[in-house]
A.B. asks: 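Sharing a structure, written as structure tokens. Questions coming.
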Number of protein chains: 2
Amino acid sequence: METRQRILAAALRLFAERGFYGASMDQIARELDLTKQALIHHFGTKEKLYGAVLVAISERLMTEAIQPTEVESASAFADAVSRIYLRTLQHREDTLLLMRELLDNRRRAAQAGTWYLKPFLDGLADLLRRDPNWQEEDEASIFTHVYQVLGAINYFAVSTATLENMYSVEHVEDMQECFPERLRKLAMGGVDT
Amino acid sequence: METRQRILAAALRLFAERGFYGASMDQIARELDLTKQALIHHFGTKEKLYGAVLVAISERLMTEAIQPTEVESASAFADAVSRIYLRTLQHREDTLLLMRELLDNRRRAAQAGTWYLKPFLDGLADLLRRDPNWQEEDEASIFTHVYQVLGAINYFAVSTATLENMYSVEHVEDMQECFPERLRKLAMGGVDT
DNA sequence: ATCGTTCCCTACCACTTGGTAAGGAGAGAG
DNA sequence: CTCTCTCCTTACCAAGTGGTAGGGAACGAT
């Protein structure tokens, strides 16, 4: 029973790092001192294993990221965004894999895994919708703002390794330090003057 | 001579759509009614072909995205961002592949292709640095702001297909319509009140 | 002791991968 | 006509892919 969890963890790591096609069943199995047939025994096919990893990610996302009993205040959205930022950095592998899933979606469109994000997005939009400063805005504006802020977070979370190579580790640490403050301004800003 | 360009175009499409491991030489070749050995004849190996695609992308990015003779005004950065947004939507395949490259960077770290983005980022940061509203801010804040805005653009550009499936084509069209206006507020906002 | 179940292994398979070797069609040069 | 060079072909290969078949070890239940 515990083997399933170990497999899921290793699969997440490798799928996030190398993508669905870049990671092979054999590699994942070797990482755990198993054979790939152990994975097949537990999950049936590679696709199903990948699906199980996605389900695990979305469950984490749903239980941790959105607090349904969010206090209704002018900064409710900004607060939620701050929490999501911290969580995103903490679960960077989840973020990496979800980003890959976003890119691969054209082919995998009809499959499961994708719509797990929908309630998450809708929840955030709802938070913003109840913000007094956003009462005047239309639906498209609200949703676009949510997505822009989310994009800023995820893109950065996925870029740190590259940025460290491109500049320096210290440079990225500086960015990480002032990121929440700047992110808050992004999240709050945008209402008509 | 013209074959090289055709190969590069097809390779860009498939690499962007399916990733490096997801796209095979054979698929790319069949798309052009050639055999994979034609590609090998022109580019040597798959890695080199991929590298050539990256070089082509970065050249497009350098010549089109940053206008060195940008007018120095309070909105110079926001103007540049607007242009980059339009260009990003126009060259969505380039954006897709650069995003994939960002994700794969851990493995490909030492290789070329990555640092092409550096002058682009630095140029944008420089634009913001000369903005009178940003004179007080420190380097990390400036760069973080640049990266957040860029993240909002790229994440959205890469998400449209998924969003269309998750909601509707009309929903995404609405977002695209109000995106530039909201993006401008993101880019301008963020200075201390 | 024996049966059944869970969990994982070895052995094997068809297929695809990137890449090599060698040769041919076409064109221009002498 | 022939030599050469560019561009691309067919034929082939070793390695790796996901997946099947079947067996064996451990263990609890009867």
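Since the structure is predicted, the reported quantities are computational estimates derived from the model, not experimental observations. The chains referred to below are lettered A, B, ... by the order of the sequence lines, with proteins before strands, and numbering in each begins at 1.
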A.B. asks: Is it true that Asp79(A) and Arg83(A) have a side-chain N and a carboxylate O under 4.0 angstrom from each other?
C.D. replies: no
A.B. asks: Quiz question: going by heavy-atom distance under 3.5 Å, is there a donor-acceptor pair between the base of dG19(C) and the side chain of Lys46(B)?
C.D. replies: no
A.B. asks: Could you tell me how far apart Glu47(A) (CD) and dT17(D) (P) are, to the nearest whole angstrom?
C.D. replies: 16 Å
A.B. asks: Over all strands shown, is Ala23(B) touching base, sugar-phosphate only, or nothing at heavy-atom distances under 4.0 angstrom?
C.D. replies: sugar-phosphate
A.B. asks: Look at the side chain of Ala38(A) and decide which nucleotide, out of dC8(C), dC7(D), dG18(D), has an atom nearest to it.
C.D. replies: dC8(C)
A.B. asks: For Phe15(B) and dT17(C), give me the distance from atom CZ to atom P, rounded to whole Å.
C.D. replies: 12 Å
A.B. asks: So, does His41(B) get its side chain near the phosphate of dG19(C), meaning an N or O under 4.0 Å from OP1 or OP2?
C.D. replies: no
A.B. asks: Using atom NZ of Lys36(A) as one end and atom C1' of dG18(D) as the other, report the distance to the nearest whole Å.
C.D. replies: 6 Å
A.B. asks: Would you kindly give the CD1-to-C1' distance between Ile40(A) and dT10(C), to the nearest whole Å?
C.D. replies: 13 Å
A.B. asks: By salt bridge (charged side-chain N to carboxylate O under 4.0 Å, His left out), which residues pair with Asp122(A), not counting sequence neighbours?
C.D. replies: Lys118(A)
A.B. asks: Measure CZ/Phe43(B) against C1'/dC8(D) and give the value in whole Å, please.
C.D. replies: 14 Å
A.B. asks: Taking only N and O in the side chain of Ser24(B), is any of them less than 4.0 Å away from OP1 or OP2 of dT17(C)?
C.D. replies: yes
A.B. asks: Quick one: which of dG18(D), dC8(D), dC8(C) gets closest to the side chain of Thr3(A)?
C.D. replies: dC8(C)
A.B. asks: Using a 6.0 Å cut-off, check whether atom CD of Glu177(A) has over 12 heavy atoms from anything other than its own residue.
C.D. replies: no
A.B. asks: Would Thr162(A) and Asn165(A) count as having a side-chain donor-acceptor pair, cut-off 3.5 Å?
C.D. replies: no
A.B. asks: Say whether Thr45(B) and Glu47(B), considering side chains only, have a donor N or O and an acceptor N or O under 3.5 Å apart.
C.D. replies: no
A.B. asks: On DNA chain D, nearest-nucleotide positions of Ile7(B) versus Gly44(A): which is more 5'?
C.D. replies: Ile7(B)
A.B. asks: Nearest of dC7(D), dT20(D), dT20(C) to any side-chain atom of His42(B)?
C.D. replies: dC7(D)
A.B. asks: Look at all strands and tell whether Thr35(B) reaches a base, only sugar-phosphate, or nothing, counting heavy atoms closer than 4.0 Å.
C.D. replies: base
